[in-house]
Amino acid sequence: MIEVLFFARLREQLGTAKERLQAGSEATDVGAVIKLLQRRGGVWEEAFGDGQTVIMAVNQEVASASTPVKDGDEVAFFPPVTGG
Amino acid sequence: MIEVLFFARLREQLGTAKERLQAGSEATDVGAVIKLLQRRGGVWEEAFGDGQTVIMAVNQEVASASTPVKDGDEVAFFPPVTGG
Amino acid sequence: MNTIEIQTEPFDIAAIMAELRADNPAIGAVVTFVGLMRDMNEGDRVSTMTLEHYPGMTEKALQAIVEEADRRWDLMGIRVVHRVGELLPLDPIVMVAVASTHRGAAFQACEFVIDYLKTRAPFWKKERTPEGERWVDARHGDSAAEQRWNKGQ
Amino acid sequence: MNTIEIQTEPFDIAAIMAELRADNPAIGAVVTFVGLMRDMNEGDRVSTMTLEHYPGMTEKALQAIVEEADRRWDLMGIRVVHRVGELLPLDPIVMVAVASTHRGAAFQACEFVIDYLKTRAPFWKKERTPEGERWVDARHGDSAAEQRWNKGQ
């Protein structure tokens, strides 16, 4: 299982902050996880669609679509940060 | 009369902080005041001699040897500043 | 020597500066940045703000920023404090304080830390305006400010 | 809106920052520089320091520096406080605090004011070391720091 987290505008748009995803043979990197989520359609397809800037992190480090994901990892998606 | 002030290292070297100088026909600019002081010889000649960096001010504004001086002016001499 | 705090409570600027200086008579310069909540943004009045963050990653990101500053400059202590939760206009949001022997390093490191924090630490601001709530968009100026530090200084 | 103080008494950093921010919710950034007395200089231990100044000209010079900062950047208040007289290691010597809507202007103006103060305001430091008293020499680095601001920024 991988833990998937959503923050800020994305969390609100998706209506969820956290879920557990079966890291099957499909979800080998962040890009594959995104494809899995997009396939749900609706707000999911929208949120991860073209023209959306979504920042990715694996185990709390900024990642990219090609960053590998394995069982037990924490994967997070969020909009560009606006703190400080 | 012009008021002449000395600060910091220069004040100690000359043994005086302040004096009043007759602004005669001679003392028409800061350079002329310096020549007047140098003519006293000893520490005066030394303090205003070649190789000494002396900052000049007239009426509390940084000045140069060619800045005019007239009766009632305040002329100050001091080493490079080291505050802050 | 360096500390990072994420907290909902207000912070005490004077106490943090005093603690940073501690009793270290080798410190010649302390530069402090305090970011405050404004009551206007993008031309709209803002009544309250909510700051969300990613617990765990925030601390990691700030730790990395602070360590990078320590590598680049000769410093004697860095303090970073960032509030989360509900904030009101005039409230301090973030404070970065840097101590060094000389002022040049303290100024540069302080600005570096806040520039990087603005683009790399996972915080998000949501504003309440007369028209309702809205998420604050990332400012282009912030990523430009960060990129300065990547070019040869 | 801007204030300049020369005083023998210690100053209260927190009170000055609080007073600068006052109740102005348009201020988004406050950058503060505090210069402190170190117990070492040029490799020698310094036990006390005496700061002399030129009363009248000091205020005029600082006023000119502050006005120049106000012309160059969009600011919402500047505070300059400088101590004179006897100082001990750990004592704050000088404080410059600048408020602005955004942080870039506050950082630049704060550094500008202290750089100019160091080369243009008539203060002189005398240190007491184990070998006796000595006047501090002007640092080349300070005039280099000042000259930066004359070149196109």
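So that the names make sense, note that chain A is the first sequence line, chain B the second, and so on, each numbered from 1.
For C:Met95, no part lies near chain D; criterion is any non-hydrogen pair under 4.5 Å. Of the two parts of D:Ile13, only the side chain, counted from C-beta on, holds a non-hydrogen atom closer than 4.5 Å to a non-hydrogen atom of chain C. D:Ala15 does not touch chain C: none of its heavy atoms, backbone or side chain, sits under 4.5 Å away. Contacts of D:Arg139 with chain C are made by side-chain atoms alone, with heavy-atom separations under 4.5 Å and no backbone atom involved. Contacts between C:Asn24 and chain D at a heavy-atom distance below 4.5 Å involve the backbone alone (N, CA, C, O). Interface remark: C:Ala97 contributes no atoms to any contact with chain D (heavy atom separation under 4.5 Å). For a residue to count as touching a neighbouring chain, one of its non-hydrogen atoms must lie under 4.5 Å from one of that chain's; by this rule D:Asn41 does not touch chain C.
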Given D:Asp137 and D:Lys125, is the salt bridge (Lys or Arg N to Asp or Glu O under 4.0 Å) satisfied, shown in steps?
CA-CA 8 Å; D:Asp137 280 323; D:Lys125 286 174 177 163; over 6 Å; no
Step by step, work out the side-chain contact (heavy atoms from CB on, under 4.5 Å) result for C:Ile114 and C:Val94.
CA-CA 9 Å; C:Ile114 185 66; C:Val94 58; 4.1 Å; yes
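The candidate from C:Asp12, C:Ile93, C:Asp115, C:Asp91 with the greatest count of non-hydrogen atom pairs under 4.5 Å with chain D is C:Asp115. In terms of heavy-atom pairs under 4.5 Å with chain D, the best-connected choice from C:Gly104, C:Pro89, C:Cys110 is C:Cys110. Interface remark: of the candidates C:Arg21, C:Met40, C:Met37, C:Arg21 forms the most heavy-atom pairs closer than 4.5 Å to chain D. Among C:Ala14, C:Ala106, C:Ala29, the residue making the largest number of heavy-atom pairs under 4.5 Å with chain D is C:Ala29. Of the listed residues (C:Val31, C:Thr101, C:Thr32), the greatest number of heavy-atom pairs within a distance under 4.5 Å of chain D belongs to C:Thr32. Heavy-atom pairs under 4.5 Å with chain D peak, among C:Ile27, C:Leu88, C:Val96, at C:Ile27.
The existence of a salt bridge linking C:Arg120 and C:Asp142 is excluded, since no basic side-chain nitrogen approaches an acidic carboxylate oxygen closer than 4.0 Å. Using a 4.0 Å cut-off between a side-chain N of Lys or Arg and a carboxylate O of Asp or Glu, D:Arg45 and D:Glu127 do not qualify as a salt bridge.
If you take CG on C:Leu62 and OG1 on C:Thr3, they are separated by 11.0 Å, rounding to the nearest 0.5 Å.
Under the 3.5 Å distance criterion, with hydrogens and angles disregarded, a donor-acceptor pair is assigned to the side chains of C:Glu67 and C:Gln63.
The environment of CG in D:Asp74 is sparse: at most 12 heavy-atom neighbours from other residues, nucleotides or ligands sit within 6.0 Å.
Aromatic pair C:Phe112/C:Trp73: centroids less than 6.0 angstrom apart. Residues C:Phe33 and D:Phe107 place their aromatic rings such that the two centres sit under 6.0 Å apart.
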